[in-house]
Asks: 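The structure is given below, and queries will be raised subsequently.
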Amino acid sequence: MNIALIAHDKKKELMAQFCIAYKGILSKHSLYATDTTGKVIIDNTGMSVYRFLPGPQGGDQQIGARVAYNEIDLVLFSGIL
């Protein structure tokens with residue numbers, strides 16, 4: 001399964017904690033993320049993550065395009081309310 005991970009700047013640490021907690025499951029899949037989120041995940045888990053551009057520079061749109069073409073199966077987004 002291709003899983004995209006996106007986190008707002010204030011939620012990147014929460015995303016890293018999620019990935020640590022579910023590393024056993026996530027490591028069995030192909031992971032994709034926007035640039036900084038991907039770096040945080042890699043630094044905290046050591047998992048392989050394909051990184052797109054930073055969100056504000058088009059990374060969110062790159063992931064969205066892959067969702068539209070059924071190349072991404074699941075998007076996990078951690079945002080602010």
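If you read the sequence from its start, that first residue is 1, and numbering goes on from there.
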Asks: Write down the atom of K11, the atom of G79, and the distance for their closest heavy-atom approach.
Replies: CE-O, 3.4 Å
Asks: Can you name the side chain to side chain contact (heavy atoms under 4.5 Å, CB included) partners of K28, sequence neighbours left out?
Replies: none
Asks: Starting from M15, can I reach Y22 by hopping between I/L/V/M/F/W/Y residues whose side chains sit under 4.5 Å apart?
Replies: yes
Asks: Quick one: side chains of residues 57-64, donor-acceptor pairs under 3.5 Å with protein atoms, not counting sequence neighbours, listed by atom name and distance.
Replies:
residue: Q62; atom: OE1; partner: L53; partner atom: N; Å: 2.9

Asks: Working to the nearest 0.5 angstrom, can you tell me the gap between S78 OG and D9 CG?
Replies: 11.0 Å
Asks: Which atom pairs, one a donor and one an acceptor, fall under 3.5 Å between side chains of residues 40-50 and the rest of the protein, sequence neighbours left out?
Replies:
residue: D43; atom: OD2; partner: K39; partner atom: NZ; Å: 2.8
residue: N44; atom: ND2; partner: V40; partner atom: O; Å: 2.7
residue: T45; atom: OG1; partner: I41; partner atom: O; Å: 2.7
residue: T45; atom: OG1; partner: M47; partner atom: N; Å: 3.1

Asks: Would you be so kind as to tabulate the donor-acceptor pairs closer than 3.5 Å made by side chains of residues 29-36, with sequence neighbours excluded?
Replies:
residue: H29; atom: ND1; partner: M1; partner atom: N; Å: 3.4
residue: T34; atom: OG1; partner: T37; partner atom: OG1; Å: 3.4
residue: D35; atom: OD1; partner: R51; partner atom: NE; Å: 3.2
residue: D35; atom: OD1; partner: R51; partner atom: NH2; Å: 2.9

Asks: Is it the case that atom CZ in F77 sees more than 12 heavy atoms from other parts of the structure closer than 6.0 Å?
Replies: yes
Asks: How would you list, by chain and number, every residue that makes a salt bridge (Lys or Arg N to Asp or Glu O under 4.0 Å) with K23, sequence neighbours excluded?
Replies: none
Asks: Write out all pairs satisfying salt bridge (charged side-chain N to carboxylate O under 4.0 Å, His left out) with one or both partners inside residues 65-79, taking only residues at least two apart or from two chains.
Replies: none
Asks: Do L26 and L74 sit in one hydrophobic cluster, given that two such residues count as connected whenever their side-chain heavy atoms are within less than 4.5 Å of each other, even indirectly?
Replies: yes
Asks: For residues V67 and V75, determine if any side-chain heavy atom of one lies less than 4.5 Å from a side-chain heavy atom of the other.
Replies: yes
